[in-house]
Amino acid sequence: MLVYASAIDLSTVHLRHLSRVLAVRRREIGSRWRRPTPRRQALLALAHLRCGDTYAQLAAGFGIGIATVYRCVREAIDVLAALAPTLNEAMVMARSKAYVILDGTVLPINRIAADRPYYSGKKRHHDMNVQVLTDPFGRLPWASPALPGATHDLTAAHEHGIIDAPAEAGLKCWADKAYQGAAGNVQVPFKGRRLKRWQRRHNTTHAKIRCVGEQAMATLKSWRLLRKLRCSTNRITAIVKAVLTLHLAAASG
């Protein structure tokens, strides 16, 4: 078998944080000795999340069995997902900010044509819908559970309670045209071709504010596993929450 050196474009903050979390987890459950140390298990999980390496590739690279890789990665993702902030906690953290930016993204999945609820007519492929809140500095304080890709952004926002949460926290929320008709403090651009001058100025200012949210989306998609998910759709929410936890750990560390 050929082996080559590789690198993960992450800081050591991610590795230290996940290693500590896994060490605490092992003490809590009274885990027996395992071949991968907490640090080794953390590196394994980061390689899967950041690089999108398959279980077979990780098993060959780390010199362990595929079943062991599966258990290590699943445990790490579940532990991280449990630490992700809830929507209420994110609103408490965001109260010191002037506003939040709401946007939706789709995560491609390997579904078949028969899985109609997962087919996005906008993107023309099967995916999962995830709603994301961004602060004025481009950081991600919260990401929603994943819904089937056929779900409209406004419907998903209502289902997760995102429309009312910023209003209750006294925050303005900026969103794109997909959220037309949302109540509360949600600010959306004007639609149409023949707009008045003040409406065009509003749309220009709105676009400048909302572009920060696009940068945050790019940060989320930098985790290559999210670019093409080949796991069960029941696991995608945990993966998104795990990535969010790592993002927040790096931002605060």
Side-chain angles (χ1 to χ4, degrees), residues 8-29 31 34 36-55 57-59 62 66 68-90 93 103-110 127-135 138-147 156 160 216-253:
I8 305 175
D9 55 339
L10 293 173
S11 69
T12 56
V13 174
H14 298 88
L15 182 61
R16 290 197 302 268
H17 177 76
L18 184 50
S19 298
R20 287 195 300 266
V21 169
L22 290 173
V24 171
R25 167 68 177 172
R26 291 188 184 189
R27 288 196 297 269
E28 288 177 348
I29 65 176
S31 176
R34 302 185 193 179
T37 64
R39 184 180 180 86
R40 194 74 170 166
Q41 183 180 357
L43 185 62
L44 184 73
L46 291 176
H48 179 66
L49 292 171
R50 187 68 173 187
C51 304
D53 292 342
T54 64
Y55 295 147
Q57 291 171 330
L58 294 171
F62 283 78
I66 294 179
T68 303
V69 171
Y70 172 80
R71 288 193 299 268
C72 288
V73 170
R74 187 183 180 93
E75 180 184 39
I77 289 175
D78 289 341
V79 169
L80 288 171
L83 298 176
T86 63
L87 180 57
N88 291 334
E89 292 171 344
M93 293 187 293
D103 202 355
T105 187
V106 291
L107 306 178
I109 58 175
N110 61 336
D127 47 46
M128 300 293 286
N129 181 301
V130 174
Q131 301 294 303
V132 172
L133 288 176
T134 310
D135 69 10
R139 292 188 291 261
L140 295 171
W142 183 79
S144 75
L147 293 176
H160 298 309
M217 288 296 184
T219 300
L220 188 67
K221 295 293 183 68
S222 65
W223 297 81
R224 297 175 187 86
L225 183 65
L226 297 179
R227 298 178 188 176
K228 186 65 174 181
L229 289 154
R230 295 176 174 83
C231 60
S232 168
T233 55
N234 296 327
R235 294 291 303 162
I236 294 177
T237 294
I239 293 173
V240 172
K241 296 290 185 182
V243 169
L244 174 64
T245 300
L246 290 169
H247 173 76
L248 294 174
S252 62

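The main-chain N or O of Ala42 is never found under 3.5 Å from a side-chain atom of Ser19 such that the two would form a donor-acceptor pair. No donor-acceptor distance shorter than 3.5 angstrom exists from the side chain of Arg139 to the backbone of Leu248, with no hydrogens or angles considered. Side-chain N or O atoms of Ser144 include one that pairs as donor or acceptor with a backbone N or O of Gln131 at under 3.5 Å.
Salt-bridge check for Asp78 with Arg235: passed, with a basic side-chain N closer than 4.0 Å to an acidic carboxylate O.
At a threshold of 4.5 Å between non-hydrogen side-chain atoms, the residues Leu229 and Met128 do not count as touching. A heavy-atom distance below 4.5 Å is not found between the side chains of Arg74 and Ile77. Looking at Leu46 and Leu246, their side chains come closer than 4.5 Å, going by heavy atoms from C-beta outward. In this structure, the side chains of Ile29 and Glu75 come closer than 4.5 Å at one or more pairs of heavy atoms. Contact of the Leu87 side chain with the Leu133 side chain is registered, since non-hydrogen atoms from C-beta on lie closer than 4.5 Å. Within the 4.5 Å cutoff, the side chain of Tyr55 has heavy atoms near those of the His48 side chain. Looking at heavy atoms from C-beta onward, Leu107 lies out of side-chain contact with Asp127 at the 4.5 angstrom threshold.
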What verdict does the side chain to side chain contact (heavy atoms under 4.5 Å, CB included) test give for Thr54 and Arg230, after you've listed the backbone C-alpha separation in whole Å, the side-chain angles of each residue and the deciding distance to 0.1 Å?
CA-CA 9 Å; Thr54 64; Arg230 295 176 174 83; over 6 Å; no
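For the residue pair Arg25 / Gln41, no side-chain donor-acceptor distance below 3.5 Å is found, with atom types taken as modelled.
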